[in-house]
Trainee: 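Dropping the structure in here first, questions after.
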Amino acid sequence: VQLQASGGGLVQAGGSLRLSCVASGVIFNIDVMGWYRQAPGKQREFVTSMSSGGIIKYADSVNGRFTISRDNAKKSVYLQMNSLKPEDTAVYYCAAPKGATYGQGDTVIADGEPKWGQGTLVTVSS
């Protein structure tokens, strides 16, 4: 399972960006997909997640400004970020924090290990 994130860039405070992430591989199910971020000099933190059944969670710092959505058929998750603030500056990582069920050769593997994308940089200028 590979996760490929895109859509980062430079934006002024108050602006918007939309991040996208697509999972590749022979994937049967990813229960939870989400976004994490890591600001310079800080630990990686949870931003938002969405289960395949539609249960959504947001960090308090982004609630009301960010919106997560996913397209299960396309194995994709999106993050609409509005009213961006300089403190939102970070590398944003797409994740399948509870792992995935996928095919490997003739085997179906239910793997609970978190999967991470490579990250996309979001820079918000003041």
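All values below come from the heavy atoms of this structure, side chains included, with hydrogens, waters and symmetry mates left out. Fair warning: this is a prediction, and the values are worked out from it, not measured in the lab.
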Trainee: Tell me, do Tyr92 and Gln38 make a side-chain contact under 4.5 Å, heavy atoms counted?
Mentor: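 Heavy-atom side-chain distance check fails, nothing below 4.5 Å.
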Trainee: Kindly compute the distance separating CG (Leu84) from OG1 (Thr89), expressed to the nearest 0.5 Å.
Mentor: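 The CG atom of Leu84 sits 8.5 Å away from the OG1 atom of Thr89.
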Trainee: Compare all side-chain heavy atoms of Ile30 with those of Ser52 and state whether any distance is below 4.5 angstrom.
Mentor: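 No - every pair of side-chain heavy atoms lies 4.5 Å or more apart.
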Trainee: Would you mind telling me which of Val91, Leu19, Leu79 makes a side-chain contact (heavy atoms from CB on, under 4.5 Å) with Thr120?
Mentor: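 The residue from Val91, Leu19, Leu79 that satisfies side-chain contact (heavy atoms from CB on, under 4.5 Å) with Thr120 turns out to be Leu19.
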Trainee: Taking the ring centre of each residue, are Tyr36 and Tyr93 less than 6.0 Å apart?
Mentor: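 No, the ring centres sit 6.0 Å or more apart.
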Trainee: Sub-3.5 Å donor-acceptor pair from the side chain of Thr101 to the main-chain atoms of Phe28, do we have one?
Mentor: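 Here the side-chain-to-backbone pair does not exist.
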Trainee: Of the non-hydrogen atoms in Val47 and Phe66, which two are nearest, and what is the gap between them?
Mentor: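 Answer, listing the atom of Val47 first, then Phe66: CG1-CD2, 3.8 Å.
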Trainee: Met33 and Ala23: which non-hydrogen atoms are nearest, and at how many Å?
Mentor: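 Result for this residue pair: CE-CB, 4.5 Å.
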Trainee: So how far is it from Tyr58 OH to Asn63 CG, rounded to the nearest 0.5 Å?
Mentor: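 With rounding to 0.5 Å, OH (Tyr58) is 7.5 Å from CG (Asn63).
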Trainee: Any donor and acceptor pair, going by atom type alone, linking the side chain of Gln118 with main-chain N or O of Gln4 inside 3.5 Å?
Mentor: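 No, the answer is negative, given that no donor and acceptor are paired below the 3.5 Å cut-off.
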Trainee: What is the distance from atom CD of Gln2 to atom OG of Ser24, rounded to the nearest 0.5 Å?
Mentor: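 Here the rounded value is 4.5 Å.
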Trainee: Going through the checks in order, is the side chain to side chain contact (heavy atoms under 4.5 Å, CB included) test met by Val26 and Tyr102?
Mentor: CA-CA 5 Å; Val26 181; Tyr102 56 94; 5.6 Å; no
Trainee: Test Met50 against Lys57 for side chain to side chain contact (heavy atoms under 4.5 Å, CB included), laying out the working first.
Mentor: CA-CA 7 Å; Met50 184 173 182; Lys57 299 180 182 179; over 6 Å; no
Trainee: Where do Asp31 and Ser51 land on the side chain to side chain donor-acceptor pair (under 3.5 Å) test, with the steps shown first?
Mentor: CA-CA 5 Å; Asp31 181 25; Ser51 74; 4.9 Å; no
Trainee: Apply the side-chain contact (heavy atoms from CB on, under 4.5 Å) test between Leu10 and each candidate in Thr123, Val124, Leu121; give the one that qualifies.
Mentor: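 Output: one option passes, namely Thr123.
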Trainee: Identify the heavy atoms of Cys94 and Ala5 that sit nearest to each other, and give their distance.
Mentor: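 Closest approach of Cys94 to Ala5: CB-CB, 4.2 Å.
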Trainee: Without swapping roles, check the side chain of Arg18 against the backbone of Gln80 for a donor-acceptor pair under 3.5 Å.
Mentor: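 Not a single qualifying donor-acceptor pair exists.
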Trainee: Do the charged groups of Lys115 and Asp111 touch, with an N to O distance under 4.0 Å?
Mentor: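 A salt bridge is present here (some side-chain N lies under 4.0 Å from a carboxylate O).
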Trainee: What is the minimum heavy-atom distance between Ala100 and Val1, and which atoms define it?
Mentor: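 Between these two residues, the closest heavy atoms are CB-CG2, 4.1 Å.
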Trainee: Would you say that Arg37 contacts Phe46 through its side chain, given a criterion of any heavy-atom pair below 4.5 Å between the two side chains?
Mentor: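 They are not in side-chain contact.
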Trainee: Looking at every non-hydrogen atom in both residues, tell me the closest pair between Lys74 and Val22 and how far apart they are.
Mentor: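 So the minimum-distance heavy-atom pair works out to O-CG2, 3.7 Å.
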Trainee: Linking I/L/V/M/F/W/Y whenever their side-chain heavy atoms sit closer than 4.5 Å, directly or via other members, would Ile68 and Val32 fall into one cluster?
Mentor: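 In one cluster with Ile68: Val32, no.
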Trainee: Hey, what do you get for CD (Glu113) to NZ (Lys98), rounding to the nearest 0.5 Å?
Mentor: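 Answer rounded to 0.5 Å: 14.0 Å.
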Trainee: Linking I/L/V/M/F/W/Y whenever their side-chain heavy atoms sit closer than 4.5 Å, directly or via other members, would Tyr78 and Trp35 fall into one cluster?
Mentor: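 Cluster IDs for Tyr78 and Trp35 differ.
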Trainee: Using distance alone, with no hydrogens and no angle criterion, decide if Arg70 and Asn72 have a side-chain donor and acceptor under 3.5 Å apart.
Mentor: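 Asn72 and Arg70 do have a side-chain donor-acceptor pair below 3.5 Å.
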Trainee: In Å and rounded to the nearest 0.5 Å, what is the CE to CG distance from Met81 to Asp88?
Mentor: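 Between atom CE of Met81 and atom CG of Asp88 there are 7.5 Å.
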Trainee: Ignoring hydrogens, what is the shortest heavy-atom contact between Pro86 and Ala13? Give both atom names and the distance.
Mentor: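 Scanning both residues, the minimum pair turns out to be CD-CB, 4.1 Å.
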